[in-house]
**Q** 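Have a look at this one before I ask anything.
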Amino acid sequence: MNSTIRLDKCLTINYGFSRKEAGTIIRKGRVTVNGSVCKDVALKVSPEDFIEFEGGQLDVVTEKTKRYFMIYKPKGCVCSNDDPQNPIVLSLLEESSGLFCVGRLDLDTEGLLLITDDGAWSHRITSPKKSHPKTYEVWLADDCSADAEKLFAEGVLLRGEKTPTRPAVLKILEPRHVLLTITEGRYHQVKRMFAFTGNRVVGLKRLSVGNITLDKDMQPGEYRKLTPEECAEF
Ligand code: URA
């Protein structure tokens with residue numbers, strides 16, 4: 001027998017809505033189940049049901065069928081689903097239906113990217129309210145400035161921002177090769193933090209998100225399922 005989930009949870013998983021938002025959408029009659037409008041938020045649905053919201057079909061992702069991966073995102077591919085110019089990271093997976101990237105890495109950034117079909121799990125990682133550490137290996141155009149460690153620990157006010165960055169930890173491996181751990185995900189954050197110090201990032205690789213670390217021997221484009229322990233991290 002197939003497992004089932006509530007209709008509101010199905011909407012939450014597919015779109016990342018909160019349970020409350022999903023309930024409102026369903027009660028307004030915007031969701032159909034097997035061709036008929038359904039306003040019952042608690043209706044149990046299974047992967048055999050055909051569910052539509054605003055013309056799009058929803059995957060019924062039950063606890064048993066949720067998928068979680070780490071991929072070594074290569075440079076030169078994008079995290080979005082519709083880029084006519086660049087290869088899409090999801091196309092590196094054998095079967096990517098219903099999957100999406102957890103957050104974004106820039107086109108020229110490589111390294112750890114999490115992929116799932118679990119909207120709530122993804123939200124717990126990317127929500128600005130959370131502060132999971134993310135560590136990046138950074139290669140710089142010039143020697144890292146002497147005050148960068150202190151500046152980043154205190155937080156810097158990036159151009160166009162209203163609040164300083166949260167305290168970040170800088171570890172200098174070599175003058176132009178460093179590790180930076182941040183707990184937010186602002187737009188181009190690492191590049192902009194080094195630009196603040198007058199430097200330029202010439203290479204960027206994400207090594208970890210929370211306690212999930214990119215496998216040492218993994219090559220660009222390779223991926224694997226996360227272990228239950230890694231999934232339980234968030
Ligand atoms: N910071 C950046 O500048 N780019 C990324 O891709 C990730 C973090």
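Values in this document were obtained by computation on a predicted structure and should not be read as measured data. When a ligand or atom number is given, it counts from 1 through the structure's own listing order.
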**Q** Step by step, would you call Y68 with F234 a ring pair (Phe, Tyr, Trp, His ring centres under 6.0 Å)?
**A** CA-CA 12 Å; Y68 306 87; F234 301 108; over 10 Å; no

**Q** What do you reckon, does Y187 put a non-hydrogen atom under 4.0 Å from ligand 1?
**A** no

**Q** Quick check against the 3.5 Å criterion: does D49 have a side-chain atom that pairs as donor or acceptor with the backbone of I51?
**A**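 Side chain of D49 to backbone of I51: no pair is present.
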
**Q** Looking only at atom types and distance, does a side-chain atom of E161 sit under 3.5 Å from a main-chain N or O of L158, one as donor and one as acceptor?
**A** no

**Q** In terms of atom number and element, which parts of ligand 1 are under 4.0 angstrom from non-hydrogen atoms of T109?
**A**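 This gives 4 (N), 5 (C), 6 (O) as the contact atoms.
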
**Q** For the CZ atom of F53 and the CG atom of L58, what is their distance to the nearest 0.5 Å?
**A**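 Here the rounded value is 8.0 Å.
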
**Q** With under 30° as parallel and over 60° as perpendicular, where do the rings of W139 and H177 fit, or are they tilted in between?
**A** parallel

**Q** Give me the nearest non-hydrogen protein atom to atom 1 (N) of ligand 1 as residue plus atom name, then the distance to 0.1 Å.
**A** V190 N, 3.1 Å

**Q** Which of the numbered atoms in ligand 1 are under 4.0 angstrom from any heavy atom belonging to Y136?
**A**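 Taking each heavy atom of Y136 in turn, ligand 1 has 7 (C), 8 (C) under 4.0 Å.
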
**Q** When you look for heavy atoms under 4.0 Å from ligand 1, do you find them on the side chain of L204, its backbone, both, or neither?
**A** side chain

**Q** Hey, which atoms in ligand 1 end up nearer than 4.0 Å to a heavy atom of Q189?
**A** 1 (N), 2 (C), 3 (O)

**Q** Tell me which one of I172, V202, V178 satisfies side-chain contact (heavy atoms from CB on, under 4.5 Å) with L140.
**A** V178

**Q** Taking 4.0 Å as the limit for heavy-atom contacts, which would you say applies to D106 with ligand 1: side chain only, backbone only, both, or neither?
**A** both

**Q** Output yes when the distance from some N or O of ligand 1 to some N or O of H188 is under 3.5 Å, and no in every other case.
**A** yes

